[in-house]
Amino acid sequence: MLPINKAWGKPHAFRSHQPNSSPEYTGCQRYRAGVLRLSTLFLKTLREDPADAEVASHRLLVRGGFIRRAAPGGFTWLPLGWIVYRNVERIIREEMDAAGFQEVHFPALLPSEPYEATGRWTDYGPNLFRLQDRRGNDHLLAPTHEEMFTLLVRDIATSYRDLPLSIYQIQTKYRDEARPRAGLLRGREFVMKDSYSFDIDDDGLARSYQRHRDAYISTFERLGLPFVIVSATSGAMGGSASEEFLAPIDVGEDTFVRCTSCGYAANTEAVESAIVAVPDATTPTPPASVVDTPGTPTIATLVDHLNAHLPRDDREWVAADTLKNVVVMLHQPDGNTEPLAIGVPGNRDVDMKRLEAAVAPAEVAAFDENDFAAHPALMKGYIGPGVLGAASTSGIRYLVDPRVVDGSAWVTGADQTGQHVIGLVSGRDFIADGTIDVAEVREGDPCPQCDGSLTIARGIEIGHIFQLGRKYATALELRIPAESGELVTPTMGSYGIGVSRAVAAIAETHHDEFGLCWPREIAPADVHLIIAGRDDGPQRPVAERLATKFSAAGLRVLFDDREGVSPGVRFKDAELIGVPTIVVAGRGIDDGLVEVKDRRSGERIDVDIDAVVDHVRAVITNN
RNA sequence: CGGGAAGUGGCGCAGCUUGGCUAGCGCACCUGCUUUGGGAGCAGGGGGUCGCGGGUUCGAAUCCCGCCUUCCCGACCA
């Protein structure tokens, strides 16, 4: 699959382990010849799971001695983990460079001015780390760098000939997460590769977007990460077209849908509901009527009451016949608040994540008792369209689910406790201020693009690409002379990969009950060499020779040369650490054999000592 | 922001209800001997302001008050 030179021929991970190539160098022995020796490696594996770790990647990375918690939402990379991290970073960097993108590097600590110019100083809300210097000037620890890239291009690019341009950095980012969790998957400090493209026109942006999309596909394939590309919302960044790369993992925080028959896939935040047929207008609809429905503040009690006291002729009343009106309070980043009413079919709840995404950058809060007191027209449990809408007495903006099409009839609150309206027709009896597609998405919902139905799964966001447009370029006055000579505002794209998160995502998708199983290019070594025998037995000198031979052949070796450690411990540690190939110098040695074990499959075979280097090279080449 | 759970040697935990003597167990660590293909055995040893502050008491890991931190869950459903 991978050409051999890609897999290990260039010993990137170990090159820096040879700080001085002169033969006189007598530093730590484990740096010699690219052999990592467990006897001197700064590593302690843990027999038990740490109490604060829940998800597999967090548990195994801590137990295996890759990372240690250093702060809430912050981790220290230990030697083994840092090797793995740099392998991931290197692959990402190589793929970016191969795509023709150029690497730069900004400070993480930035002044507030550029972010004030684009509005993100306030729009980013409490998730932004803000601080002041000794003079009282505002600074931030950057969560992303759109502003700085834009300003850099404004500084340097002087002509349309300088575009298209795609530049990137690999940088530590900061977000003051309300609740860091799941180890590396959601921290307050993390490493991200972020790229930005600059083009004169929309066609150019589309091409740059596609180039990044292709580069991301090859990057994630090389990282060994399974992924799904889904339509997404752009959140606080602004912008239009946007797709996320999600690694489908149950512990992921994102929920996405996929169509079972066409290629449609979307984050639930961005799912568009399938179009609902407009009812036939030629069939006369009876006028709306108010009925007494005492003690029915919930959809369930309402439906029960209707079926018991006001049965339909044709069928039973169901929750989908009702229109539920939810009122929330929006908190704008500038501190203003605004109530918003949302009408959804009674069989569905409002999905808060979808709502948050739809109203971003505003934040959504519950409508509390004080809010109800300020709007006496809202009868809790019996709110109807009669008191909602910008033109109504309450003046509360009223948006309805797309399923509430003109001509559809509903049972909904009559704005009096214990009363509902039956047969209230949208477009005839009430007109909403617009639609909002934020009702929960369910397994089996119709696909918006074909006749199929949707399935739901969870995933980790490992990459996000979107077409920003001119928001940042305009705000920061980036203008470049076009071919015609007139000044034009370039259009931008923004593309991110979570580097530290990718390590966790790989661990999450490459482990079993015994420990990690790293993809070879990510793994801290190619071969984990074990001595299984007495400390003074014949295995040790054989293993020492093998370590040297493996290394000379260009293989990265993790050598368990510890003394006084029982074989069981060595086997357990090897399985926990997850190097793809394990070579055991043990009891077969008298017959001239060592054991070669595949970490993932568990398959083991005895190989002649003199042939084992070639054997392992062949294993690497063939898989 | 709300709700749960928890803070006791490096790690994982018990002890707390019903206050009391030297704060205990497993792992890890140190010394010695034995052991060496699945997280070894025996013997000896070191290491803890019981999260922080205050209070009750002759006496507090234990009871009371306040604070801090960590983990999990929820984010509001008419």
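What you see below is based on every heavy atom in this structure, not just the backbone, and it leaves out hydrogens, waters and symmetry mates.
Taking only side-chain atoms of A:Val350, from C-beta outward, the nucleotide of B:U36, B:C11, B:C77 with the closest atom is B:C77.
Between the CD atom of A:Glu177 and the C1' atom of B:C71 there is a distance of 16 Å, rounded to whole Å. To the nearest angstrom, P of B:C72 lies 6 Å from CD of A:Glu54.
Salt bridge A:Arg604/A:Glu595: present, at least one basic N to carboxylate O contact under 4.0 Å. Salt-bridge formation is not detected for the pair A:Asp606/A:Lys597: no Lys NZ or Arg NE/NH1/NH2 atom is positioned less than 4.0 Å from an Asp or Glu carboxylate oxygen.
Within 4.0 Å of A:Ala532, counting heavy atoms only, lies at least one base atom of the nucleic acid. Contacts of A:Asp52 with the nucleic acid, taken as non-hydrogen atoms under 4.0 Å apart, involve only primed sugar atoms and P, OP1 or OP2. A:Asp573 comes within contact range of at least one nucleobase, with a heavy-atom separation under 4.0 Å.
Cation-pi contact between A:Arg68 and A:Trp77: absent, since separation from the ring centre below 6.0 Å together with deviation from the ring axis within 45° is not met.
Residues of residues 246-256 of chain A that place a heavy atom closer than 4.0 Å to RNA chain B do not occur.
For A:Trp82 and A:Phe42, the ring centers sit 6.0 Å or farther from each other.
Each of A:Val344 and A:Val569 has a nearest nucleotide on RNA chain B; the 5'-most of these lies closest to A:Val569. Heavy-atom nearest nucleotides on RNA chain B were determined for A:Arg604 and for A:Ala53, and the one closer to the 5' end corresponds to A:Arg604.
Of the candidates A:Leu43, A:Val84, A:Asp560, A:Ile577 forms a side-chain contact (heavy atoms from CB on, under 4.5 Å) with just one, namely A:Leu43.
From A:Ile531, atom CD1 reaches atom CD of A:Glu544 across 6.5 Å, with rounding to the nearest 0.5 Å. For the atom pair A:His511 NE2 and A:Leu576 CG, the distance stands at 12.0 Å (nearest 0.5 Å).
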What pairs of nitrogen or oxygen atoms, one from the protein and one from nucleotides 2-10 of chain B, lie under 3.5 Å apart?
none

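No side-chain N or O of A:Thr255 forms a donor-acceptor pair with one of A:Asn267 less than 3.5 Å apart.
Distance noted for atom P between B:C13 and B:G7: 9 Å (whole Å).
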